[in-house]
Amino acid sequence: MGVFLAGKVAEARKFLETHYLNDGDLKQRRMDEAALFFDGRWKHLDGIVNVYPVSKPSFLPGKPVRVDIRADVAAALAAQ
């Protein structure tokens, strides 16, 4: 975060793409996250996302529910 706030965007992006990879298992996710944060792009372009409810008190994830977030995203972007 400090690198980004210091204006070193390329360095911040490289850090995000190359750290916390869990032995390479998370490499694609980190690349996707970098595209979201630095380019405003996400690989799921259809506007439908999975929302995972949790069971309390264990907080174990339940079966995902597909939710259309296009209107919410459009409203958030329009408010900028």
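Please read all numbers here as calculations on a predicted model, not as lab measurements.
- Clustering ILVMFWY residues whenever any of their side-chain heavy atoms sit less than 4.5 angstrom apart, transitively, puts V67 in a cluster other than the one holding Y52.
- Side-chain heavy atoms closer than 4.5 Å link hydrophobic residues (I, L, V, M, F, W, Y) into clusters, and following such links, even through other members, never connects V3 to V9.
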Would you be so kind as to tabulate the donor-acceptor pairs closer than 3.5 Å made by side chains of residues 25-34, with sequence neighbours excluded?
from, atom 1, to, atom 2, distance (Å)
Q28, NE2, D32, OD1, 2.9
R29, NE, E33, OE2, 3.1
R30, NE, Y20, O, 3.3
R30, NH1, E33, OE1, 2.9
R30, NH1, E33, OE2, 3.3
R30, NH2, Y20, O, 3.4
D32, OD2, K43, NZ, 3.3

Under 3.5 Å, side-chain donor or acceptor atoms of residues 10-19 against the rest of the protein: list the pairs with distances, not counting sequence neighbours.
from, atom 1, to, atom 2, distance (Å)
R13, NE, E17, OE2, 3.1
R13, NH1, D39, OD1, 3.1
R13, NH1, D39, OD2, 3.3
R13, NH2, D39, OD2, 2.8
T18, OG1, K14, O, 2.7
H19, ND1, F15, O, 3.1

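- Considering N50, V51, V49 in turn, N50 is the only one that fulfils the side-chain contact (heavy atoms from CB on, under 4.5 Å) rule with R66.
- The salt bridge (Lys or Arg N to Asp or Glu O under 4.0 Å) test applied to D72 returns no partner, not counting sequence neighbours.
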For a quick test of your reading: what N or O donor-acceptor pairs under 3.5 Å do the side chains of residues 55-65 make, sequence neighbours left out?
from, atom 1, to, atom 2, distance (Å)
S58, OG, S55, O, 3.2
S58, OG, L60, N, 3.4

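- Within 6.0 Å of CZ in F4 there are 12 or fewer heavy atoms belonging to other residues, nucleotides or ligands.
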